[in-house]
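These values consider heavy atoms only, across backbone and side chains, with no hydrogens, waters or symmetry-generated copies. Just so we're on the same page: letters track the sequence lines, and every chain starts at 1.
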Protein chains: 2
Amino acid sequence: MTNSEIKKSRGRPSKFDPETSLNIAMQLFWAHGYEGTSIAELTNAMGINKPSLYAAFGSKEELFEKALQQYISGPIAFISAALDEPTAYRVVEKLLVESAYFLTAPDTPHGCMVNTGSLSCGKETATIKETLAQCRQRFETALTARLQRAQAEGDLPAQADPATLAKYIATLHQGMSVQAASGTSREALLAMAKLVLDNWPPC
Amino acid sequence: MTNSEIKKSRGRPSKFDPETSLNIAMQLFWAHGYEGTSIAELTNAMGINKPSLYAAFGSKEELFEKALQQYISGPIAFISAALDEPTAYRVVEKLLVESAYFLTAPDTPHGCMVNTGSLSCGKETATIKETLAQCRQRFETALTARLQRAQAEGDLPAQADPATLAKYIATLHQGMSVQAASGTSREALLAMAKLVLDNWPPC
DNA sequence: TTATTTATTTACCAATCAGTACATAAATAA
DNA sequence: TTATTTATGTACTGATTGGTAAATAAATAA
């Protein structure tokens with residue numbers, strides 16, 4: 001049904017594009033975190049009124065979750081894509097080097113929505129904090145599996161511990177997000193990434 | 001004047017100890033960050049009313065700054081103390097291993113007030129974010145100087161770059177704070193610290 | 001006792017928070 | 001035209017935010 005998107009809707013036409021609005025929400029949450037972004041700021045940036053936002057996205061939490069999905073499948077798609085690299089070294093290289101570029105990109109907020117979007121927060125926002133922690137854990141688990149495969153393929157020494165190596169890389173990545181959010185330069189992050197890569201694998 | 005603290009004050013006596021209250025504030029800010037801790041929560045935990053808090057500490061920002069000083073000179077005094085260790089290895093060892101224990105201590109919030117107290121926030125809280133970023137930068141700068149000294153003392157290879165090494169350790173430390181705030185176990189952090197130390201210095 | 005000083009309690013402030021009720025405007029269907 | 005559907009703009013809710021004014025309670029000084 002190619003004409004399914006041309007079919008005329010019944011009532012008053014929407015004056016905004018939900019996908020565009022979702023991207024705006026992603027930018028704001030990315031820059032200021034969950035608690036640091038208010039509904040008023042969101043609707044102002046989107047150019048719509050609050051009832052439209054709630055009709056389209058349900059609640060602030062739901063909007064954040066959708067913006068987070070957008071973020072994961074868009075700006076940081078390279079993270080999960082890195083796991084497809086052919087060797088452990090290439091995986092880690094892509095993760096660290098592309099992150100160094102990404103975290104200091106001039107047109108986007110410095111830092112990572114997953115790592116710094118909600119670390120400390122009030123008790124009523126614990127759900128969001130949990131969601132982001134799960135995101136980080138999922139990545140670390142996937143990286144562990146990838147390094148186990150590398151070990152099985154003889155791509156990583158037998159005495160290496162994939163879980164500890166994965167935690168090492170994940171920890172570095174999270175630290176890089178904090179660094180970027182504090183204004184560290186791209187060059188400094190790249191130099192540090194090179195240092196880590198020149199000593200891969202550490203075991 | 002040993003009797004200076006016994007001299008009787010003129011008006012109605014204070015019913016709370018400001019130092020105790022400051023420690024309570026430190027615990028709350030440590031656990032939930034600046035924005036995640038409200039004045040109402042602070043006064044409830046202290047057992048005092050708001051005017052008493054404002055009379056004693058000025059404002060929420062001033063209270064946070066004082067709690068931060070308390071935190072730096074108390075719970076994480078080991079951080080600056082680590083720089084006094086005799087060798088670069090011992091410095092890094094103390095930093096990473098003691099941090100692994102500290103960040104996962106059962107009686108205190110998991111995580112570090114300096115690293116996760118305010119990473120992303122609303123525009124009006126940018127001052128606090130700046131203050132914490134400066135704290136982190138001061139530490140990294142001091143560590144760089146310490147590693148330069150180590151290099152001068154022949155304690156670090158000539159081709160090593162102290163600034164990059166310091167950023168590497170600082171980044172790992174910040175990442176460990178994120179990990180701890182997400183619930184990573186002490187054992188996992190210690191295993192990672194060992195991995196890093198077994199490969200020191202990376203150059 | 002009386003005056004002064006200080007800290008307390010209670011009550012309040014304006015602003016903002018997330019979220020919603022309601023009337024209206026703009027489209028299609030009959 | 002008339003009915004129905006959907007999204008809009010305005011105005012509002014109750015709760016909470018950080019911060020304060022004003023009256024009172026408890027101490028010392030005179």
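Close to C/dA7, at under 4.0 Å from its OP1 or OP2, lies no side-chain N or O of B/Ser52. Between A/Ser14 and D/dA7 there is no side-chain polar atom (N or O) within less than 4.0 angstrom of OP1 or OP2. Side-chain N/O atoms of B/Asn49 include one lying less than 4.0 angstrom from OP1 or OP2 on C/dT9. Between B/Ser9 and the phosphate of C/dT5, there is no side-chain N or O to OP1/OP2 separation shorter than 4.0 Å.
Ring geometry for B/Tyr168 against A/Tyr168 counts as perpendicular: the plane angle is over 60°, on a 0 to 90° scale with 30° as the lower cut. Using a 30° and 60° split on the angle between ring planes, B/Tyr34 and B/Phe29 fall in the parallel class, below 30°.
Taking atom CE of residue A/Met46 and atom C1' of nucleotide D/dT8, one finds them 16 Å apart after rounding to whole Å. Rounded to whole Å, the distance from CZ on A/Arg10 to P on C/dA26 is 18 Å. For the pair B/Lys50 NZ and C/dA14 C1', the computed distance is 12 Å after rounding to whole Å. Remark: P of D/dG19 and CZ of B/Phe57 are 14 Å apart, rounded to the nearest angstrom. Distance, A/Asn44 CG to C/dT16 C1': 13 Å, rounded to whole Å. For the pair A/Glu124 CD and C/dA18 P, the computed distance is 11 Å after rounding to whole Å. Rounded to an integer number of Å, the gap from NZ of A/Lys123 to P of D/dT17 is 11 Å. In this structure, CG of B/Leu53 is placed 13 Å from P of C/dT9, rounded to the nearest angstrom.
A donor atom on one side chain and an acceptor atom on the other are found under 3.5 Å apart for A/Thr141 and A/Gln137.
Of the two residues near DNA chain D, B/Gly11 and B/Glu41, the one whose nearest nucleotide lies more 5' is B/Glu41. If A/Pro51 and A/Glu35 are placed on DNA chain C by their nearest nucleotide, the residue sitting closer to the 5' end is A/Glu35. Map A/Ala40 and A/Gly58 each onto its nearest nucleotide of DNA chain C; the residue landing nearer the 5' end is A/Ala40. If B/Lys60 and B/Arg12 are placed on DNA chain D by their nearest nucleotide, the residue sitting closer to the 5' end is B/Lys60.
In this structure, A/Asp155 contributes its side chain and A/Ala88 its backbone to a donor-acceptor pair below 3.5 Å. A/Thr171 places no side-chain N or O within donor-acceptor distance of the main-chain N or O of B/Gly175, the cut-off being under 3.5 Å. Put simply, the side chain of B/Arg90 never gets that close to the backbone of B/Glu85: no donor and acceptor are under 3.5 Å apart.
Atom CZ of residue B/Arg186 and atom CZ of residue B/Phe102 lie 11.0 Å apart, to the nearest 0.5 angstrom. One finds the CD1 atom of B/Ile128 at 8.5 Å from the CG atom of B/Leu68 (value rounded to the nearest 0.5 Å).
Here the nucleotide nearest the side chain of A/Tyr54, chosen from D/dT5, D/dT8, C/dG19, is C/dG19. Of the candidates D/dG19, C/dT8, D/dA26, the closest approach to any side-chain atom of B/Lys15 belongs to C/dT8.
Every stem involving DNA chain C, taken as at least 3 paired positions in a row under the Watson-Crick or G-U wobble test at 3.5 Å, is listed here: C:1-30 with D:1-30.
Here B/Thr125 lies out of heavy-atom contact (under 4.0 Å) with every strand.
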